[in-house]
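Residues take their numbers from the sequence shown, with the count starting at 1. Below, all heavy atoms of this structure are taken into account, side chains as well, without hydrogens, waters or symmetry copies.
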Amino acid sequence: MNTILKYTCPIALALALVACGGSNSTKSELITTAPEPTATQPEAVYNLHPDDVAEYVEEFKYKYDQLELQIDGVQYDISVHSTDVEEKVVYASYEKGFLSFGFDFIEGVPLAKLYVIETGTEDLGAAHKEVDAYLAGYDISIEFDDDNAIYTGRLNNITQQDFNVRLVVNDSVVSSGSTTLAIEGAVATVKGELGTKTYIQIQDLVNNNPEVTTLLLQNIGGSVDDDINSHTGRLIRNAQLTTKVEKGSRIYSGGVDLFASGYQRLYESGAIVGVHSWCCESGKTADQLSEDDPAHQSQLTYFREMLGDELGPEFYFFTINAAPFDSIHEMSDEEMRKYLLKDD
């Protein structure tokens, strides 16, 4: 994924929209909950209601378990590594290396492209220099079975060996994100794109690692599903975890949303904290909508919870006006102190 973009529902649901030929049941409408709003207590609005999160996560796990790669009948589990919207490709890892397959995120259309790299490195960036075998797909076709898109065809390597290939994917590939979480003492370090996988990781962290008190956000390109990302933030706040960015950290968009969830927030000058607008609602970007547009309300609810009734909305509208959706604004130390480092 382009790290400066904050993609919302269309990307997380793109595969499902294609498979189902229309709207998907996981796309939620705005939902409100008690208490009734007053002059000082705006009503809470959720795109994904807290009562529905457990079911949402279980459905994700069910779909994620169906992902598989078969090469000449040998089955491998796959795990999402990253996505690149501009190049129209999803990268995933498997036991012997990496694979990439085509997907047009804007149009919501799977593309008949498939490549496999066998390598001993776990670094995708280095994989092309440390290749054991490079397998290019040909005669690739795509069919649909319920929620799954199934790529089938042949793989060929430079020695002209041919292999049958079958790849099963669904919308969980995109909505999962690609975060890794590493625990060292009282600190858990998070890297990657935020998604449903991140929620599961943080939930497990909170339930099983009481010694962890700090969440270090190291390199986060954004979130692929803002609705579940807000609930990940609520897990962090409810567990009273400290969020931290250090010199060298680079967090963007949904990563900043997660930083805001810290019960305490630690910032080292030199960290890059990037914000921008989002796209789109009825063809308009967030900064083009009026401030009372319903499309803002779920995010406003979240930031009120995290930063307070006054500062929360102020920060949210600052972010969407700081830079267009396809650009980024790196917050200054002064802006950090104004919005994210003062007492709530």
Side-chain angles (χ1 to χ4, degrees), residues 1-18 22-24 26-30 45-48 80 82-90 102-111 171 173-178 192-196 198 220-233 250-260 272-303 312-331:
M1 184 180 80
N2 185 327
T3 57
I4 63 173
L5 300 184
K6 182 176 188 175
Y7 298 101
T8 54
C9 192
I11 288 185
L13 299 179
L15 281 166
L17 288 172
V18 175
S23 62
N24 184 274
T26 59
K27 183 176 181 180
S28 306
E29 297 180 356
L30 295 178
V45 177
Y46 305 99
N47 288 339
L48 174 61
V80 175
S82 57
T83 58
D84 191 323
V85 175
E86 293 181 354
E87 295 297 323
K88 302 179 181 179
V89 68
V90 177
F103 194 85
D104 187 326
F105 294 87
I106 305 302
E107 299 297 327
V109 178
L111 305 176
D171 63 310
V173 162
V174 181
S175 63
S176 70
S178 60
E193 293 172 314
L194 305 170
T196 310
T198 318
I220 296 177
S223 62
V224 296
D225 186 336
D226 287 342
D227 296 337
I228 196 66
N229 192 50
S230 67
H231 290 294
T232 305
R250 303 171 67 91
I251 65 170
Y252 299 94
S253 196
V256 183
D257 297 356
L258 219 58
F259 178 72
I272 294 177
V273 178
V275 297
H276 61 170
S277 184
W278 51 262
C279 183
C280 286
E281 176 70 24
S282 301
K284 294 183 178 181
T285 59
D287 54 299
Q288 295 172 332
L289 302 171
S290 64
E291 289 195 357
D292 61 354
D293 192 286
H296 295 305
Q297 296 308 309
S298 179
Q299 289 275 45
L300 287 172
T301 294
Y302 175 77
F303 282 111
E314 185 181 346
F315 176 64
Y316 169 70
F317 287 116
F318 160 75
T319 68
I320 65 173
N321 289 294
F325 81 96
D326 56 355
S327 184
I328 202 74
H329 170 76
E330 295 179 3
M331 293 180 66

- Locate the shortest heavy-atom distance separating S178 from S82; write the atom from each residue and the value.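 In terms of heavy atoms, the two residues are closest at CB-N, 4.2 Å.
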- Check G233 against Y302 and note the closest heavy-atom contact, atom names and distance.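 Of all heavy-atom pairs spanning G233 and Y302, the closest is CA-OH, 3.7 Å.
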Tell me every residue that passes side chain to side chain contact (heavy atoms under 4.5 Å, CB included) with [X], counting only those two or more places apart in sequence or in another chain.
X: Q288; result: K284, T285
X: S176; result: F60, Y64, V80, K197
X: S282; result: none

- With sequence neighbours excluded, residues passing ring pair (Phe, Tyr, Trp, His ring centres under 6.0 Å) with Y316: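 By the ring pair (Phe, Tyr, Trp, His ring centres under 6.0 Å) rule, Y316 matches H296.
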Do [X] and [Y] come close enough that some side-chain heavy atom pair is under 4.5 Å?
X: E291; Y: F317; value: yes
X: F103; Y: V173; value: no
X: V273; Y: F259; value: no
X: V275; Y: F318; value: yes

- Message: Using a 3.5 Å distance criterion without hydrogens, assess whether the side chain of S327 forms a donor-acceptor pair with backbone atoms of A323.
- Response: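 Answer holds: no.
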- Message: If we ignore hydrogens and angles and just use 3.5 Å, is the side chain of N229 paired with the main-chain N or O of G254 as donor and acceptor?
- Response: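 Present.
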How many angstroms lie between atom [atom1] of [X] and atom [atom2] of [Y], to the nearest 0.5 angstrom?
X: D171; Y: T196; atom1: CG; atom2: OG1; result: 9.0 Å
X: F325; Y: C280; atom1: CZ; atom2: SG; result: 5.5 Å
X: D227; Y: L48; atom1: CG; atom2: CG; result: 6.0 Å
X: E86; Y: D326; atom1: CD; atom2: CG; result: 9.5 Å
X: Q297; Y: D292; atom1: CD; atom2: CG; result: 8.0 Å
X: S277; Y: I320; atom1: OG; atom2: CD1; result: 5.5 Å

- Can you name the salt bridge (Lys or Arg N to Asp or Glu O under 4.0 Å) partners of E314, sequence neighbours left out?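 K338.
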- Query: Who pairs with S230 by side chain to side chain donor-acceptor pair (under 3.5 Å), at least two apart in sequence or on another chain?
  - Reply: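 With neighbours one apart ignored, the set is R234.
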- Message: Against I251, only a single residue in L258, D257, V256, L194 fulfils side chain to side chain contact (heavy atoms under 4.5 Å, CB included); can you say which?
- Response: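 Only one of L258, D257, V256, L194 forms a side chain to side chain contact (heavy atoms under 4.5 Å, CB included) with I251, namely V256.
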- Taking atom types as modelled and ignoring hydrogens, do the side chains of S223 and D226 form a donor-acceptor contact shorter than 3.5 angstrom?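 Checked: S223/D226 side chains pair up, N/O donor to acceptor below 3.5 Å.
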- Task: Using only heavy-atom distances, determine whether the side chains of H276 and T319 contain a donor-acceptor pair under 3.5 Å.
- Result: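 No - no donor-acceptor pair under 3.5 Å links their side chains.
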- For the residue pair Y46 and H231, does the interplanar ring angle fall in the parallel (under 30°), tilted (30 to 60°) or perpendicular (over 60°) class?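 Rings of Y46 and H231: parallel, under 30°.
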